[in-house]
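Worksheet for the structure shown next.
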Amino acid sequence: QVQLVESGGGLVQAGGSLRLSCQVSGLTFDGRGMGWFRQATGKEREFVAAISWEGDRTTYTDSVKGRFAISRDNRANTVYLQMNVLKPEDTGVYYCAVDKRPWSSPAPVDYDYWGQGTQVTVSS
């Protein structure tokens, strides 16, 4: 059974930092890109960041460039999202997902496994 377990969410003041983790089990992590998406209340799920299997390629949505950093530890089957200089508009449920391929895709359709999400709330 494939499981993606996110952790690290919480309540933080604007300007603060959080580090999200996503541990994957039940499938071969090898050769799979990983991504983070988020969904604010009343809005559609949107792409945040993605990383290729080897970690040599990353992709970010424009609003988080320079503030967020995605990374992965393939030995631990874990992907991370370091979030700095958080803003109230970063508030939402953050989901990690496993890409069907080795790339760093921003398209949700390219992902076949999703976690349950972790809440991030940024107060002003």
Side-chain angles (χ1 to χ4, degrees):
Q1 182 180 356
V2 178
Q3 283 191 314
L4 286 73
V5 179
E6 299 102 334
S7 61
L11 173 64
V12 64
Q13 288 188 331
S17 298
L18 285 173
R19 188 191 195 208
L20 306 184
S21 300
C22 173
Q23 174 126 41
V24 181
S25 62
L27 63 77
T28 302
F29 205 58
D30 295 4
R32 298 280 208 143
M34 294 291 298
W36 286 96
F37 294 77
R38 66 188 179 190
Q39 186 168 20
T41 302
K43 295 187 177 182
E44 294 187 353
R45 190 173 298 188
E46 65 170 350
F47 169 74
V48 176
I51 187 167
S52 61
W53 152 240
E54 294 183 333
D56 57 340
R57 298 186 69 176
T58 56
T59 306
Y60 298 92
T61 190
D62 286 346
S63 63
V64 308
K65 285 180 181 176
R67 300 188 297 122
F68 289 13
I70 187 171
S71 61
R72 64 190 294 163
D73 181 347
N74 290 341
R75 291 172 297 178
N77 282 13
T78 302
V79 63
Y80 305 95
L81 185 67
Q82 178 67 43
M83 306 186 295
N84 299 323
V85 194
L86 281 160
K87 303 176 181 180
E89 51 264 43
D90 295 318
T91 294
V93 178
Y94 281 69
Y95 301 89
C96 67
V98 182
D99 199 317
K100 300 172 188 176
R101 309 160 308 161
W103 324 126
S104 56
S105 171
V109 69
D110 290 331
Y111 294 80
D112 53 359
Y113 295 103
W114 295 79
Q116 294 300 306
T118 185
Q119 177 70 45
V120 171
T121 303
V122 184
S123 63
S124 57

Listed pairs under 3.5 Å, donor-acceptor, residues 48-57 side chains, sequence neighbours left out:
unit_1 : atom_1 : unit_2 : atom_2 : d
Ser52  : OG     : Gly55  : N      : 3.4
Ser52  : OG     : Asp56  : N      : 3.3
Ser52  : OG     : Asp56  : OD1    : 2.7
Ser52  : OG     : Arg57  : N      : 3.1
Ser52  : OG     : Arg57  : O      : 3.4

By side chain to side chain contact (heavy atoms under 4.5 Å, CB included) - contacts of Thr59 (at least two apart): Phe47, Ser104
Smallest separation among heavy atoms of Val85 and Arg67, with atom names: O-NH1, 2.9 Å
Trp114, CH2 atom: more than 12 neighbouring heavy atoms under 6.0 Å: yes
Side chain to side chain, Val120 and Met83, heavy atoms closer than 4.5 Å: yes
Non-hydrogen side-chain atoms of Asn74 and Asp30 separated by less than 4.5 Å: no
Side-chain heavy atoms of Val98 within contact of Met34, under 4.5 Å: yes
Under the side chain to side chain contact (heavy atoms under 4.5 Å, CB included) test, residues paired with Lys65 that sit two or more places apart: Tyr60, Asp62
Asp110: partners by side chain to side chain donor-acceptor pair (under 3.5 Å), with sequence neighbours left out: Arg101, Ser105
Output a table of donor-acceptor pairs, distance under 3.5 Å, between side-chain atoms of residues 9-28 and any protein atom two or more places apart or on a different chain; print 'none' if there are none.
unit_1 : atom_1 : unit_2 : atom_2 : d
Ser17  : OG     : Asn84  : OD1    : 3.0
Gln23  : NE2    : Ala76  : O      : 3.1

Common cluster, Tyr111/Val93, ILVMFWY with side-chain heavy-atom separation under 4.5 Å: yes
Side chain to side chain donor-acceptor pair (under 3.5 Å) involving Tyr95 - partner list, sequence neighbours excluded: none
Donor-acceptor contact below 3.5 Å, side chain Gln116 vs main chain Glu6: no
Cluster overlap Leu4 with Phe37, hydrophobic side-chain contacts below 4.5 Å: no
Exercise: identify the closest heavy-atom pair between Ser63 and Arg38: OG-NH2, 3.4 Å
Thr91 side chain near Gln119 side chain, heavy-atom distance below 4.5 Å: yes
Proximity of Trp36 and Phe68 rings by center, below 6.0 Å: no
Transitive ILVMFWY side-chain link Leu81 to Val122, under 4.5 Å: yes
Any Asp112 side-chain heavy atom under 4.5 Å of Arg32 side chain: yes
Path from Tyr113 to Val79 over hydrophobic side-chain contacts below 4.5 Å: yes
